[in-house]
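Before I ask anything, here is the structure I am working with.
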Number of protein chains: 4
Amino acid sequence: MEYKTGNQNKTSLIIEAAAKVFANRGYSGTLMADIAAEAGIGKGTIYEYFPSKEGLFFAVFEWFVQITKAEAKIGISALGGSVSERLMALNDALLRSWLDMLDMYSLVMEFWSASASSQMRQRFKLAFREGYRDFRQIVSALIRDGVEKGEFQPEVDAESVAAALVGAWDALLLQAWFDEDFDPLTTSREFMNVLINGLISKPQVVSSA
Amino acid sequence: MEYKTGNQNKTSLIIEAAAKVFANRGYSGTLMADIAAEAGIGKGTIYEYFPSKEGLFFAVFEWFVQITKAEAKIGISALGGSVSERLMALNDALLRSWLDMLDMYSLVMEFWSASASSQMRQRFKLAFREGYRDFRQIVSALIRDGVEKGEFQPEVDAESVAAALVGAWDALLLQAWFDEDFDPLTTSREFMNVLINGLISKPQVVSSA
Amino acid sequence: MEYKTGNQNKTSLIIEAAAKVFANRGYSGTLMADIAAEAGIGKGTIYEYFPSKEGLFFAVFEWFVQITKAEAKIGISALGGSVSERLMALNDALLRSWLDMLDMYSLVMEFWSASASSQMRQRFKLAFREGYRDFRQIVSALIRDGVEKGEFQPEVDAESVAAALVGAWDALLLQAWFDEDFDPLTTSREFMNVLINGLISKPQVVSSA
Amino acid sequence: MEYKTGNQNKTSLIIEAAAKVFANRGYSGTLMADIAAEAGIGKGTIYEYFPSKEGLFFAVFEWFVQITKAEAKIGISALGGSVSERLMALNDALLRSWLDMLDMYSLVMEFWSASASSQMRQRFKLAFREGYRDFRQIVSALIRDGVEKGEFQPEVDAESVAAALVGAWDALLLQAWFDEDFDPLTTSREFMNVLINGLISKPQVVSSA
DNA sequence: CATGAATGAGGCTTCATTCAT
DNA sequence: GATGAATGAAGCCTCATTCAT
C-alpha cells in the first residue's frame with residue numbers, strides 16, 4: 001500500500017514489516033495478517049518466503065543481529081586516538097546508533113523472551129551467547145590494547161571489564177526504554193569517565209567479604 | 001498434590017507454581033492447565049484466586065519484584081566498613097542471591113517481553129521503571145555517601161554510575177543465563193575493582209568526538 | 001439440540017454423528033463444525049474425545065468394523081440345517097442387515113479411499129486386510145464343513161470360493177449403492193443357487209488358456 | 001521435463017501425470033503443484049487444459065473408464081471355444097490386465113469415494129452405474145448364450161450371475177490390493193470352476209428362510 | 001469452595017486459482 | 001501459450017474461560 005523503503009527483494013520487505021509489528025505487539029500478540037498488512041501483501045505470500053511465524057521471527061532475529069553487528073563494527077573501526085578516546089567514542093557511537101532505533105528495542109526483549117521459552121530456545125540462546133561473546137571480545141581486545149600500550153593498568157582484567165561494559169550499555173538502553181526521562185547517553189559518558197579513570201589510575205586495593 | 005512449601009495460603013501456592021511454569025515455558029507457552037497441574041489443583045480453582053491468566057502473570061511479577069527487593073535490602077543493609085567495601089559486598093550479595101535462582105532468570109525476560117507487548121505494557125513498564133529507579137537510588141545513595149565522606153572523587157556523577165552499575169549487574173546475569181561457561185561473580189568483582197578504583201582515584205581527563 | 005439415541009457416553013454420540021456426516025459429505029468434505037453441529041455439541045468438545053479429524057475418522061472406522069462384525073456373527077450363528085441352507089441363510093442375513101444401512105455404505109467407500117491414500121493408509125489397509133481375512137475364514141470354514149460332511153464336492157477349494165463369495169456380497173451392495181434399480185438380495189439369491197449347485201454337483205471339467 | 005510417453009498432446013500428458021499422483025496421494029491429498037511437477041509443466045498450464053482440480057479428476061476418471069473398457073473388450077472378443085471356456089478365459093484376461101496395473105487400483109477407490117462425496121457425486125455415481133451395467137450386460141450376454149446353446153442350465157438367471165461375477169472380480173482385486181499374500185488369479189480360477197460347474201450341472205434345489 | 005467438562009472465538013496455515021509477464 | 005508468484009478464503013485446532021455439579 002505504501003512501500004518506499006528500498007527493499008531490493010520481498011524477503012527483506014517482509015522481514016522489515018515483521019520487525020515493526022513484532023516490536024509493537026510482541027511475538028504472540030502479532031498476527032500474520034498484521035505483518036502482511038504492514039508489508040502491503042497478501043497473507044499467503046509470507047509463506048512463500050518463510051515457513052512459519054516462528055521461522056519468520058527467527059529471520060527477523062538474524063536480520064537484527066546482522067545490522068547490529070554492522071553498526072558496532074562501524075563504531076569501532078571509526079576512530080584513532082588513545083585507547084581511552086576510542087573507548088569513549090565507541091560508547092557514543094553505540095548508544096547513538098541504538099537510540100536512533102530505540103523503538104526497535106522491544107524486539108530485543110522479544111528475542112530474550114524467545115530464548116527463554118518456546119521451541120526456538122536453543123537457536124536463540126546460542127545466537128545470543130555468540131553475539132555477546134563476539135561483542136565482549138571486540139571490547140576486551142580494545143582494553144587489552146590499552147594495557148599493552150601502558151595506557152591502562154596491568155592489573156586490569158580486560159575480559160571482565162569488557163563483559164560488564166557490554167552489559168552496562170545494554171542495560172542503559174533497557175532503562176531508557178522503560179523510562180523516557182532517562183538519558184542513557186549522558187549517563188553512559190559520566191560512567192565512562194569513572195571507568196576509564198579506573199583503568200588508567202594506579203589501583204587502590206579494596207577487600208571484601 | 002505434592003507441594004508443601006510453606007504456602008500459607010492457596011494464593012501463593014498458585015503464584016509459585018505459575019512462576020515455575022512461566023519460567024520454563026514462557027508466558028504464551030504456558031497453559032493454565034499446566035499451572036493447575038503444577039500446583040496440584042483444578043483448573044477452575046485458579047480463577048477463584050486470580051481474574052485471568054494475565055492477572056496471574058502480573059501477580060507473579062509483583063511477587064517476584066517483592067522478593068527481589070527484599071534480597072537487595074538484605075544485601076545492602078548487611079555491611080559496615082568503607083563505602084568501597086560496602087559496594088563490593090553489595091555486588092557479591094546481589095550476584096550470589098541471583099545466581100541461586102538463575103533458573104528463574106528467564107522470568108525476568110518474560111517480564112521484559114511482557115512490558116513490550118501491548119496488552120500489559122503499561123503496567124509492566126511502569127513497574128520496571130519504578131523498580132529500576134528505586135534500585136538506582138539505593139546504589140546512588142551509597143555512592144553519594146562515598147563522595148560526601150571524601151572516599152570518592154567529587155566529580156563523580158553518582159546517578160550515572162549507579163545506573164550503569166545496576167545495569168551491569170543485570171546484564172552480567174543475563175550473559176550467565178545465556179552462557180554456562182560465563183562466571184558472573186568473578187567477572188563482576190574484577191570489574192568492580194576497576195570501577196571503584198575509578199571512583200577513588202583523581203581523574204585523568206579524557207575528551208572525545 | 002435433539003439427541004435421542006441412547007448414547008451412553010459422549011464418545012459414541014460423537015462417533016455416530018461423525019459417521020453420519022462423513023457418510024454424507026465424505027472425509028474431506030466434512031467439517032469438524034458439521035460434526036459438532038450434528039452431535040449438538042461445541043466444536044472444541046470433539047477434541048476432548050478425539051485427537052484430530054483423522055483420529056475421529058479412524059474411530060468411526062473401528063466402530064463401523066465392530067458393528068459390522070457383530071452383525072455378521074449374528075447372521076452366521078443363527079441357523080441350523082444343511083450347510084447349503086446355512087450358506088443361503090447367511091447370504092440373506094448379511095444382505096438384509098447391510099441393506100438396512102445402505103446409506104452408510106458410502107462410509108465404506110470413504111474407508112477404502114482412506115486406505116489408498118493419506119497418512120492413515122497403513123492403519124486402514126491393515127484393518128481391511130484383517131477384516132477380509134476374518135470374514136473369508138468364517139465363510140471358508142462353513143464351506144469346508146460342507147465338504148467334510150460330504151455335502152459339497154471334495155475338489156472344492158473352500159478358501160477361494162469363500163474369498164470370491166465375500167467379494168461378491170461386497171460388490172453387490174456396491175452396485176446397489178450406485179444403482180437404485182438394482183436389487184441385490186434377489187440377485188444374490190439367484191447367484192447363490194448357481195454357486196451352491198456348483199458346490200454340490202459333481203464337477204464337469206473345464207480347461208482354459 | 002522428462003516425460004515422453006507417447007503423449008500425443010499435453011492433455012493426456014497431464015491426465016496421466018494426474019492419474020499417477022491421484023493414485024498415490026488420493027484426491028484431496030493431491031496438490032495441483034504435484035501434478036504439474038509430475039507432468040514437468042507449470043502449475044498454471046494445467047488450467048489451460050482443465051477448468052479445475054475437480055474437472056481434471058473427472059477427466060482422469062473418464063480416461064480410466066475408457067482404457068478399462070477397452071481392456072475388457074479385448075478380453076471378451078478374444079476367444080472362441082465353449083462358453084465355459086470363454087468365461088474362464090475372460091476371467092483370466094480381466095484379472096491379468098488388472099493385476100498389471102494394481103498400483104492404479106487405488107484410483108478406483110478414489111473414484112468410489114468421489115461418487116460418495118457430495119460435490120461430484122452425481123457425475124461419478126452415474127458413470128459407475130453405467131459402467132457396471134455395461135459390464136454386467138456383456139457378461140450376462142455370454143451366460144445367456146451358454147443357456148441358449150444348452151451348455152448351461154435353463155434355470156440360471158444370467159443377469160444375477162453376471163452381476164455377482166462382475167462384483168466378485170472387482171472384490172478379488174480389492175482384496176489383492178489390501179493383502180499382498182492374496183493371489184486373486186488362482187483364487188478366481190478355483191472359484192470359476194465351482195461357478196461354471198453350477199451353471200452346467202442340473203440343479204439340486206435348496207430352500208432357505 | 002473446588003472441579004474439569006464444555007465451549008467457541010481466534011489464529012496459523014494450506015492450496016486451488018488467478019493473472020501479469 | 002506457458003509460467004509461477006501472489007492471493008485469501010477456508011478449516012483444523014488451541015486454550016482461556018465458564019459454570020453446573
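To find a chain, count down the sequence lines: A is the first, B the second, and so on, and within it residues start at 1. Predicted, not measured: the structure shown is a model, and the values here were computed from it.
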Considering residues at least two apart in sequence or located in another chain, which fulfil the salt bridge (Lys or Arg N to Asp or Glu O under 4.0 Å) criterion with A:K125?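 Here no residue qualifies.
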Just so I know, are the side chains of C:F50 and C:T11 near enough to count as touching, which here means a heavy-atom distance under 4.5 Å?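 Yes, side chains in contact.
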Atom-pair distance (CD1 on B:I35; P on E:dG4), nearest Å: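 For the pair B:I35 CD1 and E:dG4 P, the rounded distance is 16 Å.
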Pick the nucleotide of DNA chain F nearest each of A:G44 and C:T45; which residue has the one closer to the 5' end?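 The 5'-side residue here is A:G44.
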Between atom CG in B:L31 and atom P in F:dC15, what is the gap in whole Å?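 Rounding to the nearest Å, CG of B:L31 and P of F:dC15 are 5 Å apart.
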Would you list the atom pairs, donor with acceptor, under 3.5 Å between side chains in residues 57-65 of chain C and any protein atom, with sequence neighbours excluded?
none

Beyond-backbone contact of B:N9 with B:L13, side-chain heavy atoms, under 4.5 angstrom: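 A side-chain contact under 4.5 Å is absent here.
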For the residue pair B:W112 and B:F124, establish whether any side-chain heavy-atom pair is separated by less than 4.5 Å.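 No, too far: nothing below the 4.5 Å cut-off.
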Over how many whole Å does the gap from D:K10 atom NZ to F:dT3 atom C1' extend?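 In whole Å, F:dT3 C1' lies 11 Å from D:K10 NZ.
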Indicate yes or no for a side-chain donor-acceptor contact from C:S52 to the backbone of C:G55 under 3.5 Å, with no hydrogens or angles considered.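 Pair found, side chain donor or acceptor close to backbone of C:G55.
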Neighbours of DNA chain F within residues 46-59 of chain D, by heavy-atom distance under 4.0 Å: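 DNA chain F contact set from residues 46-59 of chain D: D:E48, D:Y49.
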Check for me whether A:K53 meets the cation-pi criterion with A:Y47, that is, NZ or CZ under 6.0 Å from the six-membered ring centre and within 45 degrees of the ring axis.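 Relative to the ring axis of A:Y47, which defines the angle, A:K53 lies outside at least one limit.
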Considering only residues two or more places apart or on different chains, which pairs with a residue in residues 26-36 of chain D satisfy salt bridge (Lys or Arg N to Asp or Glu O under 4.0 Å)?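 Listed by first then second residue: D:R25-D:D34.
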Apply side chain to side chain contact (heavy atoms under 4.5 Å, CB included) to A:T45 and list each qualifying residue two or more places apart in sequence or on a separate chain.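 A:T45: side chain to side chain contact (heavy atoms under 4.5 Å, CB included) contacts with A:K10, A:I41, A:Y49.
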In whole Å, what is the span from the CE atom of D:M32 to the P atom of F:dT3?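 Interatomic distance, CE of D:M32 to P of F:dT3: 14 Å.
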Pick base, sugar-phosphate or nothing for D:S28, based on heavy-atom distances below 4.0 Å to the nucleic acid.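 Nothing, no heavy atom under 4.0 Å.
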Would you say the base of E:dT13 and the side-chain of A:K43 have a donor-acceptor pair closer than 3.5 Å?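 Answer yes: a donor N or O sits under 3.5 Å from an acceptor.
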Can you give the dot-bracket line for DNA chain E, using ( ) for pairs inside the strand, [ ] for pairs that cross earlier ones, | for pairs with another strand and . for unpaired bases, where Watson-Crick and G-U count if both distances are under 3.5 Å? .||||||||||||||||||||
Atom-to-atom span, CD1 of A:I41 to P of F:dG8 - whole angstrom: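 Rounded to whole Å, this separation is 10 Å.
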